[in-house]
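Nothing fancy with the numbering, it's 1 onward along the sequence.
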Amino acid sequence: MTSKVTQFAEQLSEAETTKVGIAPLTSVDPELTVEEAYYIQLENINKKIAQGQKIVGKKIGLTSLAMQNLLGVDEPDYGHLLDSMVVENGGTISIESVLQPKVEAEIAFILKKDLRGPNVTTLDVLQATDYVVPALEIVDSRVQDWKIKLQDTVADNGSSQSYVLGGKPTKIEDIDLELIGMVLTKNGELVNTGVGAAALGNPATCVAWLANKLSEFDIPLRAGEVILSGALSAAEVANKGDSFTARFAHLGQVSVHF
């Protein structure tokens, strides 16, 4: 592991602890590669595992063309989900525990079989999925003012902070993933709508991308893991006192309070 990877990992870890954002890694080192950024992410994940935390799934980011264009990239990214990141449906997140949180509504896949790339297809994902549920992901950047490029968010575990699962477990064959509609409300007011097709045309396609991408690092998706398949609309800023609820056609709803 290069000293650069270790140094950046330590800076991100400290920012998470102190709740003080750091300068973008890409401004400190414009030559930082995406691969190095994933190794920075893995270094901090391995550190947390050594402290007793457990990997319970993965999250996929940058699945919409709008977000990819914003960061000037042509593929999604991913981060790890840990057992310390789980928030109960309807639960409360302390505003002191986050830096600059935003909320995204997504469809979560719960796997019943391992998926190991390369060459995983959307059909493979459908066959490996036990059920889907609605989810909220709380994204948070340890980089000051969200001034991120792809390498910054990758190194920062996909800018993930926590997640909430809700609704009712629904079998894939009972729904049309591409057509599922979603409405997101903030303090009772409509702020966003979305549809399954907003995530690479089909959320299952995002999960297939993830399985294939992870094969580069010899990491499989495991049975029982939660896979957050990507935001169906823009992320909404969360402040103290805000409540968010996402309602999905056929899947039910999920909510969180700050």
Applying salt bridge (Lys or Arg N to Asp or Glu O under 4.0 Å) as the test, list every pair that has at least one member in [range]; sequence neighbours left out.
| range | value |
| --- | --- |
| residues 244-255 | none |
| residues 249-258 | none |
| residues 110-127 | Asp114-Arg222, Arg116-Asp218 |

*Flag side-chain contact, heavy atom, 4.5 Å: Glu225 against Ile55*: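 They are in contact (side-chain heavy atoms under 4.5 Å apart), so the answer is yes.
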Donor-acceptor check, side chain of [X] to backbone of [Y], threshold 3.5 angstrom: yes or no?
| X | Y | value |
| --- | --- | --- |
| Asn192 | Leu184 | no |
| Lys186 | Val237 | yes |
| Ser229 | Ile107 | yes |
| Asn46 | Glu43 | no |
| Glu106 | Gly230 | yes |
| Thr18 | Glu14 | yes |

Kindly write out the residues that satisfy side chain to side chain contact (heavy atoms under 4.5 Å, CB included) with [X], not counting sequence neighbours, or none if the list is empty.
| X | result |
| --- | --- |
| Glu216 | Lys213 |
| Asn187 | Asp242, Ser243 |
| Glu35 | Thr33, Tyr39 |

*Testing Val154, Asp152, Leu12 for side-chain contact (heavy atoms from CB on, under 4.5 Å) with Ile40, which one passes?*
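Testing Ile40 for a side-chain contact (heavy atoms from CB on, under 4.5 Å) against Val154, Asp152, Leu12 leaves exactly one candidate, Leu12.
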Write down the atom of [X], the atom of [Y], and the distance for their closest heavy-atom approach.
| X | Y | value |
| --- | --- | --- |
| Lys47 | Ser13 | NZ-OG, 3.0 Å |
| Gln41 | Gly158 | NE2-N, 4.1 Å |
| Ala204 | Phe109 | N-CZ, 3.6 Å |
| His80 | Asn157 | N-OD1, 2.6 Å |

*Is it true that atom NZ of Lys19 has more than 12 heavy atoms of other residues, nucleotides or ligands lying nearer than 6.0 Å?*
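Yes - once you tally the heavy atoms of other residues, nucleotides and ligands closer than 6.0 Å, there are more than 12.
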*In this structure, are over 12 heavy atoms from other groups packed under 6.0 Å from Asp74 atom CG?*
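Atom CG in Asp74 is not packed in, count stays at 12 or less.
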Listed pairs under 3.5 Å, donor-acceptor, residues 90-101 side chains, sequence neighbours left out:
from   : atom 1 : to     : atom 2 : distance (Å)
Ser94  : OG     : Glu96  : N      : 3.2
Ser94  : OG     : Glu96  : OE1    : 3.0
Ser97  : OG     : Ser94  : O      : 2.6
Gln100 : OE1    : Asp145 : N      : 3.2
Gln100 : NE2    : Ser141 : O      : 2.9
Gln100 : NE2    : Val143 : O      : 2.6

Side chain to side chain donor-acceptor pair (under 3.5 Å) with [X]: which residues, sequence neighbours excluded?
| X | answer |
| --- | --- |
| Ser255 | none |
| Lys4 | Asp29, Glu36 |
| Asp176 | none |

_For Lys48, salt bridge (charged side-chain N to carboxylate O under 4.0 Å, His left out) partners two or more places apart_ =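 Checked Lys48 against salt bridge (charged side-chain N to carboxylate O under 4.0 Å, His left out); matches are Glu16.
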_Any pair counted as side-chain hydrogen bond (donor to acceptor under 3.5 Å, both in side chains), so long as it reaches residues 125-134, sequence neighbours left out_ = Asp130-Lys171
